[in-house]
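Please read these numbers as outputs of a predicted model, since none were measured by experiment. Below, read A as the first sequence line, B as the second, and so on, with proteins coming before strands; counting in each chain starts at 1.
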Amino acid sequence: MSVTTLPAHRVALRQPGWIARLFDYKPFLIVMCLAPAIGLLAVFLTYPLGLGVWLAFTDTTIGKRGIFVGLENFQYLWTDPLWWGAVFYSVFYTAVATFGKFALGFWLALLLNNHFPLKSLLRAIVLLPWIVPTVLSALAFWWIYDPQFSIISYLLVDVLHIRSTNIDFLGTPWPARFSLIAANIWRGIPFVAISLLAGLQTISPSLYEAAMLDGASAWQRFRYITFPMMMPILAIVMTFSIIFTFTDFQLVYAITRGGPVNSTHLLATLAFQRGIAGGELGEGAAIAVSMIPFLVFATLFSYFGLARRKWQQGEAND
Amino acid sequence: MAWDSRARRVMMIYLPLSCFVLILLFPFYWMAITSFKPNAELLNYKEHNPFWITSPTIAHIKHLLFNTAYPTWLKTTMFVAVGSTTLSLFASTLAAYAIERLRFRGSPYVGLGIYLAYLVPPSILFIPLATVIVQFGLFDSPMALILVYPTFLVPFCTWLLIGYFKSIPYELEECALVDGATRLQILRRITLPLAVPGLISAGIFSFTLSWNEFIYALAFIQSGANKTVPVAILTELVTGDVYQWGALMAGSLLGSLPVALFYSLFVDYYVSSLTGAVKE
């Protein structure tokens, strides 16, 4: 800011109108600034969340206002093998996919943390699976898993001669379950890798130097420096990953729509099938609500992970 | 040092790294190559090497652009993405400013509340939201998506921008205040211009996330013309028993391009703000 322009500015800034003066009243300004965000979230997030819980206790269908039926929906779900199947697959899907994403993502982060040419280009390329719309890459996987023209079958049968027949990836329950998990891991690796890479870069190199002087092996350096230092970030990224994997929808909907014989339904796809496609809003809402206990657990986990780093709260760190 | 020899470096770093890159990029290569393959080659692995194209064709892309509503879907998606990004940036910039710069009793809790909203996944909201959308008379309208997407964009952007505002020295605002500027003038002339890089990264994130969104667009939009690309490809292009793989892959490729291009223009912002957000 040069000195000569200051007086001119001062003149321009001198006479604030009544609106500007109103905005100078701090409580008013705070309310006005928060209003759009809080308003949007209240109308389209908090209210629907409450409404969803209410719907879960009613027999609402599309076109018909429901009446309160208490725990009926949940009692029905309790006896519904499809719901139990979805609970099983949701947990299995989350557990295996999260393990895969973190094992491979951590490995990739450690690899990317080395020095080599074209490093930033490589980091950019590696993020691609995460950037591209999930449904569109899911379609590519659907094509890769095609029963007749799968490129994986082609490699195994015609090029490597390991198998004699094509793999029926999506036609039978277990192969279909693992095919979806593989696609989910593929999509999740970049985010995990880049987030953990950020964590790796905050670890001071002097720790490693000191450990090297003390004669620590590569494994010991990883076990006693890298891993403990990464714990807070791992906890946070993992919470996010668990929540979004458990409530995943699009990958399964795009590739199998819950089939074959409902073996790949996640709670979200089952809720969609019953609630929107089947018109049973109350029952669909109950299925969606049945995800909440799991999510609360994951969120509490996240909160304590966050509190440990005074994460983004602006509290006591300035 | 012996263990850092060249051979070991190749085995421990370059080899696994190339495997990662190969696997992470293969589906895109496969998508691209399928888009340009004539049907004869597409379904005949015995006479044609599936990994290569001998006579590339743009028939699939032509079909997509002239025989389907694909251009309309692209336009709708663009409209929705730009609309919800604008709305979210507006709302979250103000919210982040209030939380980080105006500092009031309870501002950390408001920040935490908004952050927690990000953890409420769309899969538990879409059923009640569908009834809300119907009540508002917005069913089957792209406006519904523009209004609903901020539920996951605002928490994300606010969180990102709080971090950004934190990096702008407080003294600049104090000086302007002493000079007699109003709070709004300070916001417009000092804080916002300095926050532009943060706004850009928040914008990129929002645009990408709304371009990718699927479940709300699937649940709230019925008519073909109002569908977004991800939903339309899946519900309008996947028909019959014999899938038009060429056209499907061309559609996926074209639908991925805007995001990929947009992202590659700002990739440095993207990576640094992602890493920045994680770092604190």
Side-chain angles (χ1 to χ4, degrees), chain A residues 10 13-14 16 20 23-24 26 29-30 33-34 36-37 40-41 44-45 48-49 51-52 55 108 111 114 123-124 126 129 131-137 139-141 143-144 149 151 154 194-195 198-199 202 233 243 247 249-250 254 268 271 275-276 281 284-285 288 291 299 312-315, chain B residues 13 16-17 20 24 27 30-31 43 45 50 90-92 94-95 97-98 100 102 104 108 111 117 119-121 123-125 127-129 132 148 150-151 154 159 162-163 179-185 208 211-212 214-215 219 230 234 245 248 252 255-256 259-260 263 267 271 274-275 278-279:
Chain A
R10 215 171 254 172
L13 299 181
R14 261 294 156 68
F23 275 97
D24 261 356
K26 211 172 158 190
L29 183 62
I30 289 168
C33 282
L34 289 175
L40 277 169
L41 291 176
F44 294 108
L45 190 119
L49 192 60
L51 183 66
L55 283 176
L108 182 58
L111 292 172
N114 288 296
R123 282 179 194 171
V126 153
I131 305 302
V132 165
T134 309
V135 169
L136 305 183
S137 53
L139 278 172
F141 270 95
W143 171 220
I144 287 172
F149 300 104
I151 192 68
Y154 170 81
I194 295 292
S195 314
T202 61
I233 274 193
I243 291 178
T247 60
F249 174 82
Q250 29 183 336
I276 303 285
L281 288 174
M291 288 191 263
T299 309
Q312 293 277 355
Q313 291 182 41
E315 219 175 23
Chain B
I13 300 174
L17 209 51
F20 268 112
L24 290 177
W30 196 230
M31 205 189 254
L43 304 177
Y45 290 176
F90 172 74
S92 46
L94 290 180
Y97 181 73
E100 174 56 30
L102 298 177
F104 48 96
L119 298 179
V120 178
S123 1
I124 49 178
L125 286 178
I127 291 178
L129 255 181
V132 173
V148 163
T151 54
V154 165
W159 188 40
I162 286 179
D179 276 354
T182 65
R183 295 244 183 215
L184 281 188
Q185 282 170 327
T208 334
W211 191 277
N212 294 3
F214 180 71
I215 191 166
L234 203 63
W245 285 114
L248 276 174
S252 302
S256 310
V259 189
Y263 151 82
V267 69
V271 175
L274 188 65
T275 50
V278 171
K279 247 187 245 176

Heavy-atom pairs under 4.5 Å with chain A are the metric here; pick the option from [options] that has the most.
options                      : result
B/Ala117, B/Pro150, B/Ala91  : B/Ala91
B/Leu24, B/Val120, B/Val154  : B/Leu24
B/Ala95, B/Ser92, B/Ala98    : B/Ala95
B/Ser256, B/Ala260, B/Pro128 : B/Pro128

* Is there a donor-acceptor pair under 3.5 Å between the side chain of B/Thr208 and the backbone N or O of A/Ile131? -> no
Compare all side-chain heavy atoms of [X] with those of [Y] and state whether any distance is below 4.5 angstrom.
X        : Y        : value
B/Leu102 : A/Lys26  : yes
B/Leu129 : A/Phe44  : yes
B/Ile124 : A/Thr247 : no
A/Val132 : B/Tyr263 : no

* Part of B/Phe20 lying under 4.5 Å from any heavy atom of chain A -> side chain
* What part of B/Val259 gets closer than 4.5 Å to chain A, counting heavy atoms only: side chain, backbone, both or neither? -> both
* Asked: Quick one: CG on A/Asn114 to CD1 on B/Ile13, what's the gap to the nearest 0.5 Å?
  -> 3.5 Å
Segment of [X] engaging chain B (4.5 angstrom heavy-atom cut-off):
X        : answer
A/Phe149 : both
A/Leu49  : both
A/Phe141 : side chain

May I ask you to name which of [options] has the most heavy-atom pairs under 4.5 Å with chain B?
options                               : answer
A/Val126, A/Leu111, A/Leu51           : A/Leu111
A/Pro129, A/Pro133, A/Ser137, A/Gly52 : A/Pro133
A/Leu108, A/Leu29, A/Ile276           : A/Leu108
A/Leu55, A/Leu41, A/Thr134            : A/Leu41

Would you name the heavy atoms of [X] and [Y] that are closest together and state the gap between them?
X        : Y        : answer
A/Pro48  : B/Val132 : CG-CG2, 4.4 Å
B/Ser123 : A/Met291 : O-CE, 3.8 Å
A/Gln250 : B/Phe214 : OE1-CB, 3.2 Å
A/Pro36  : B/Leu94  : CG-CD1, 4.2 Å
B/Ile127 : A/Ala271 : CD1-O, 3.7 Å
B/Ser252 : A/Leu139 : OG-CD1, 3.5 Å

* Check step by step if side-chain contact (heavy atoms from CB on, under 4.5 Å) holds for A/Ile144 and B/Trp30. => CA-CA 8 Å; A/Ile144 287 172; B/Trp30 196 230; 3.2 Å; yes
* To do: Can you label the angle between the A/Tyr154 ring and the B/Tyr45 ring as parallel, tilted or perpendicular, going by 30° and 60°?
  => perpendicular
